[in-house]
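Just so we're on the same page: letters track the sequence lines, and every chain starts at 1. Fair warning: this is a prediction, and the values are worked out from it, not measured in the lab.
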Amino acid sequence: MSEAHASHLHQFDSPEQQRESASLGMWVFIAQEIMFFGGLFLAYVVYRNLYHDAFAAASHHLDLRFGAFNTAVLIASSLTMALAVHAAQLGHRKVLVSFLIATIFLGSVFLGVKVVEYHDKFVHHLVPGANFQFEGPLEHQAEIFYSLYFAMTGLHALHMVVGVGLLAWLVYAATRGRYTPEYYSPVEMSGLYWHFVDIVWIFLFPFLYLISRH
Amino acid sequence: MFENFPLFPESASTLSGRVDALYIFLVAVSLFFSLLIAGLIIYFAIKYRRRSAQDSPKEIHGSLALELTWSIIPLGIAMVIFVWGASIYFSMRRPPESAMDVYVVGKQWMWKFQHTSGRREINELHIPVGRPVKLTMASEDVIHSFFVPAFRVKQDVVPGYYRTMWFQATKPGKYKLFCAEYCGTKHAGMTGQIVVVEPGEFQTWLSGGSGLSVVASGEKLFQDLGCVTCHKLEPTGRGPVLHGLFGKEVQLQSGETVVADENYLRESILNPQAKMLSGYQPIMPTYQGLITEEGLLQIVAYIKSLNAPSSTVTQEVSLK
Amino acid sequence: MTTNSSPKFNYLDVAYGVKSWLLTKDHKRIAILYLISVTFFFAVGGVFASLIRLELITPEGDIFQSENYNKMFTMHGVIMVFLFMIPAIPAVLGNFLVPLMIGARDLAMPRINLLSWYLYIIGGLFTIYAMVSGGVDTGWTFYTPYSTTYSNTHVIATGLGAFIVGFSSILTGLNFIVTIHKMRAPGLTWFRLPLFIWAHYAASIIMILGTPVIAITIVLLAVERAFHLGIFNPALGGDPLLFQHLFWFYSHPAVYIMILPAMGVVSELVACFSRKRIFGYSFVAYSSLAIAALGFFVWAHHMFTTGISAYAALIFSVLSFLVAIPSAIKVFNWTATLYKGSISYDTPMLYAFGFIGLFTIGGLTGLFLASMGLDLHVHDTYFIVAHFHYVMVGGTIMAYLGGLHYWWPKISGKQYPEGWARFSALVIFIGFNLTFFPQFLLGYLGMPRRYHFYPEEFQVLNVMSTAGASILGIGYLIPLIYFAWSMRYGKAADANPWAAKGLEWETSSPPPTENFLEQPVVKEEAYAYAKEEPEVV
């Protein structure tokens with residue numbers, strides 16, 4: 001990675017061009033990610049419509065407290081991420097690093113809770129496949145719910161892991177003084193990515209956890 | 001068309017002529033535009049060939065008039081073709097009321113037929129000429145497709161659904177039947193023939209079979225599988241009364257209404273809680289794995305027959 | 001500034017050794033890496049095609065067992081679609097030319113570009129692995145539940161290969177969109193761009209928005225097969241048609257990824273070899289965008305026979321007719337460009353002529369398929385096979401070859417032998433038509449596709465088709481030989497051997513690594529052939 005205080009990568013003509021390219025690139029990438037998750041959401045919507053009762057019953061085995069807690073955690077992590085970007089804009093290195101670490105911490109809490117939830121599903125034979133068991137006549141349909149649940153939250157968790165990795169790299173680079181008010185694109189772009197992953201969860205939570213809860 | 005070099009399969013159904021007519025129109029349109037473009041290219045390429053390296057062609061940016069012309073005219077032609085094709089399609093999707101039913105099960109790698117009289121066939125289907133025939137088809141395993149080139153019809157048979165198609169043969173003969181959706185190793189071998197005969201000959205052939213009619217087989221299964229325990233004539237049974245149910249709009253527990261058609265009946269046997277009628281308890285067991293696609297077709301045919309006034313039911317019961 | 005003197009180092013000479021290639025960030029070297037790899041996969045796919053045609057000479061399945069034949073047409077489709085047709089023009093010609101044509105030093109993200117090639121190779125290796133360990137027999141369309149439950153072959157490995165290659169495509173599209181938006185030379189406004197750029201821009205939009213959907217579909221397929229889930233399996237409550245909708249949502253726009261860049265090439269060739277601006281430039285540019293947009297709304301025309309609602313089918317049918325119109329507009333505009341032009345018959349132009357003719361035929365047969373009543377008869381027959389080979393092979397591959405010939409001097413600094421090149425163009429044209437035209441007739445007669453053996457009455461047309469295929473194969477071999485030959489023995493090429501307009505011709509052949517010795521500034525329209533003297537920049 002280049003020392004890019006006032007210079008820019010060789011293919012660009014100016015730091016502005018580099019910054020704008022990075023930004024456009026990240027937005028286009030996010031558009032692609034929306035389509036990626038979109039396929040799963042489509043499959044989910046189709047089956048939720050078809051098997052409404054089974055999906056409601058299956059959803060009630062998800063722990064609402066964990067889901068709500070995780071939602072709060074992620075929203076908080078988006079706050080700390082935004083504050084990190086702000087700190088980078090102002091050149092406050094220590095604050096930047098602190099908020100990045102806070103974001104990593106919150107992201108890890110989220111992932112930890114997911115591990116707990118997945119383990120719980122495993123123990124209760126709700127992981128689709130050979131060991132899946134669901135009381136009553138709606139077993140196949142409930143298994144479809146859980147297949148989609150694991151696919152969607154799993155894909156999301158994978159994106160979180162990548163995000164945490166990105167942020168760890170940013171901490172390393174930031175402590176080495178790589179980011180200045182003139183050059184903090186990587187922080188900003190990672191922030192965009194992080195917010196996107198957060199927004200995906202904002203949709204996942206009500207879709208998966210909040211079916212017919214009274 | 002040509003003795004040794006046929007361009008068309010035999011034309012043996014009421015709709016095959018219409019399909020061929022559209023095809024010929026499309027061939028004509030294609031020929032016209034292909035020759036037009038090819039001709040213009042060749043003409044321009046020769047007339048305006050480079051004569052010297054100093055050639056300086058006129059700068060022509062474009063012409064809105066031309067753009068509109070060659071957008072609107074093709075669009076118009078396209079819309080004509082669209083409407084024509086759609087009209088044929090809708091005719092193909094709407095079987096006449098008087099169609100004769102045949103039940104079909106496709107499985108790797110054969111076609112099994114059953115006439116309403118009960119007579120079964122494998123890979124060969126006898127039908128009378130001049131009478132519409134409606135096939136109700138199910139797949140036991142993967143997606144297959146029922147294709148008779150001479151009739152110009154094709155219908156995918158998708159597992160988990162009933163699919164219907166209809167045709168009316170216009171001349172006696174034997175017409176090839178192909179499976180047209182790749183279904184595994186012997187996909188190319190899943191072929192057969194439609195044997196079209198005069199109505200009299202068909203009746204004779206039909207009565208040569210023995211065994212129960214489809215409806216009677218269905219009724220037998222209905223008893224053997226215990227359906228009759230809960231689905232009685234009286235509304236006081238544990239399950240809904242099935243007489244007169246077929247084809248009606250019914251209200252489900254979830255509040256929505258659906259039409260109780262073949263797909264609905266099949267689904268309710270395999271997955272009873274999927275679309276339960278309102279006012280009933282979820283106690284019906286699933287018959288998934290306990291009944292074949294053929295058996296399902298027979299039970300569905302039996303339930304359909306419970307509409308008829310002269311059914312085996314001794315009392316008329318109205319559904320409320 | 002036009003220059004005929006080569007700089008001290010061009011991008012080929014600047015460094016030698018495997019590492020300088022495998023770790024390059026130069027878009028031109030990455031294009032060469034892609035050129036070698038796609039040619040390899042095209043050859044593999046071509047071998048399968050040859051074996052298929054060999055088997056189909058006789059009605060009986062007498063060379064291969066059915067299971068192996070089924071694997072061969074599957075592998076032919078998978079390799080040709082995912083490892084050749086989708087990447088070829090964008091990753092070879094696009095990667096090489098996009099920065100040059102817009103006056104940039106490289107793409108916006110050179111390392112992402114290299115990553116896209118590595119993803120392509122890894123995905124390709126997965127596919128090769130699946131092949132050599134027994135193959136896959138589901139057809140390239142992977143319809144469920146056959147692929148999830150019944151097939152005993154390497155579905156998951158092949159699926160993963162396609163998944164990885166998909167991300168290669170996404171990264172290429174990403175790079176092109178950012179580069180075209182942000183890195184155009186001073187004075188290069190959108191409507192001064194070469195149509196090749198417009199075409200790649202439109203194709204990149206499809207790559208970005210469409211590919212992720214098939215990626216997730218393949219993931220679901222693999223997971224279902226591995227864990228015996230029921231998302232697409234009706235026995236477990238799933239819906240096989242959901243798979244088809246998800247699959248075709250990408251796979252239909254994918255064909256526009258295959259054709260739009262080809263149309264971009266054709267625009268360049270027609271302009272140069274008529275020495276005229278493309279007639280109706282803005283209409284051609286907008287029609288690329290229209291094809292990309294409309295192309296996302298027609299997918300279920302692949303499903304007319306599956307029993308979807310007749311009203312849904314109506315909508316997909318009418319939209320399928322609409323998407324044909326922008327393509328027709330392009331064909332008319334290219335033809336009109338020839339009017340009062342100064343036309344030469346160099347090999348690239350011969351390929352352009354071939355494209356226009358064969359794409360027109362292929363595109364018109366699309367109308368047969370868009371009309372619902374007729375589609376029911378010809379769907380899943382050789383009519384479909386003929387249709388898509390006309391547009392993909394008669395269309396895209398001819399454009400690809402035309403482009404390779406046109407830009408070969410720029411890429412390699414050498415001339416190819418024109419006599420052999422014209423000869424092989426002719427051989428390809430004849431071989432192609434003999435191979436695929438009989439298949440239209442076979443299809444209407446009722447021969448289904450994916451058939452290992454067939455009724456006797458279809459033999460004559462099949463023999464004709466195989467004869468054509470042998471000729472076509474020879475036609476493809478000849479350029480392979482002379483392009484390789486030219487690298488060593490070809491005449492050195494000028495900076496602008498075709499006296500063409502375009503920024504790529506205003507630098508040496510081959511270009512230096514940084515593409516231009518000085519930043520080009522654009523002061524004129526694209527294809528400004530009518531101007532008297534080239535501007536001194």
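Residues of residues 25-45 of chain A lying within less than 4.5 angstrom of chain C, judged on heavy atoms, are Gly25(A), Val28(A), Phe29(A), Ala31(A), Gln32(A), Met35(A), Phe36(A), Gly39(A), Leu40(A), Leu42(A), Ala43(A) in numerical order.
Residue Asn233(C) does not touch chain A at all, counting heavy-atom pairs closer than 4.5 Å. If you measure heavy-atom distances from Ile170(C) to chain A, the contacts under 4.5 Å come from the side chain alone. Contacts between Ala104(C) and chain A at a heavy-atom distance below 4.5 Å are absent for every atom of the residue. With a 4.5 Å cut-off on non-hydrogen atoms, Leu246(C) touches chain A through its side chain but not through its backbone. Interface residue Glu514(C): only side-chain heavy atoms are found under 4.5 Å from chain A. Contacts between Leu220(C) and chain A at a heavy-atom distance below 4.5 Å involve the side chain alone, from C-beta outward. Proximity to chain A (any heavy atom under 4.5 Å) is restricted, for Phe167(C), to the side chain, taken from C-beta onward. With a threshold of 4.5 angstrom between heavy atoms, Phe150(A) does not approach chain C through any atom at all. Interface residue Ile144(A): only side-chain heavy atoms are found under 4.5 Å from chain C. Using a 4.5 Å cut-off between heavy atoms, Leu242(C) touches chain A through its side chain atoms alone. Of the atoms belonging to Ala226(C), not a single heavy atom falls under 4.5 Å from chain A. Glu20(A) touches chain C through backbone and side chain together, each having a heavy atom under 4.5 Å away.
The backbone N or O of Thr189(C) sits nowhere less than 3.5 Å from a side-chain atom of Arg184(C) that would complete a donor-acceptor pair. Side chain of Gln519(C) to backbone of Gly103(C): a donor-acceptor contact under 3.5 angstrom is found. A donor-acceptor pair under 3.5 Å is absent between the side-chain atoms of Glu117(A) and the main chain of Phe66(A), judged by distance alone.
The aromatic rings of His181(C) and Trp190(C) sit perpendicular, their planes meeting at an angle over 60°, well past the 30° parallel limit.
Aromatic pair Phe232(C)/Phe243(C): ring centres closer than 6.0 Å. If you look at Phe316(C) and Tyr311(C), their ring centroids are not closer than 6.0 Å. Ring centers of Tyr149(A) and His61(A): at least 6.0 Å apart, outside the cut-off. Ring centers of Trp117(C) and Tyr120(C): at least 6.0 Å apart, outside the cut-off.
Counting heavy-atom pairs closer than 4.5 Å to chain A, the top residue among Asn175(C), Ile214(C), Leu174(C), Val219(C) is Leu174(C). The most heavy-atom pairs under 4.5 Å with chain C, out of Ala151(A), Gly129(A), Ala130(A), Ala54(A), come from Gly129(A). Considering only heavy-atom pairs separated by less than 4.5 Å from chain C, the leading option among Glu139(A), Gln141(A), Gln17(A), Glu143(A) is Gln17(A). Ranked by non-hydrogen atom pairs under 4.5 Å with chain A, the options Leu236(C), Ile208(C), Ile177(C) are led by Leu236(C).
Using a 4.5 Å heavy-atom cutoff, the side chains of Val522(C) and Arg192(C) are in contact. Between Asp239(C) and Val46(A) the shortest side-chain heavy-atom distance does not fall below 4.5 Å.
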#### Entry: Step-by-step ring-ring contact (aromatic ring centres under 6.0 Å, His included) determination, His124(A) to Phe132(A)
CA-CA 9 Å; His124(A) 287 103; Phe132(A) 186 82; over 10 Å; no
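Exactly one residue among Leu100(A), Thr103(A), Leu96(A) makes a side-chain contact (heavy atoms from CB on, under 4.5 Å) with Leu170(A). That residue is Leu100(A).
Checked for salt-bridge contact, Asp106(C) and Lys28(C) miss the test: no charged N lies under 4.0 Å from a carboxylate O.
Contact record, Phe247(C) with Thr217(C): N-CG2, 4.3 Å, taken as the closest heavy-atom pair.
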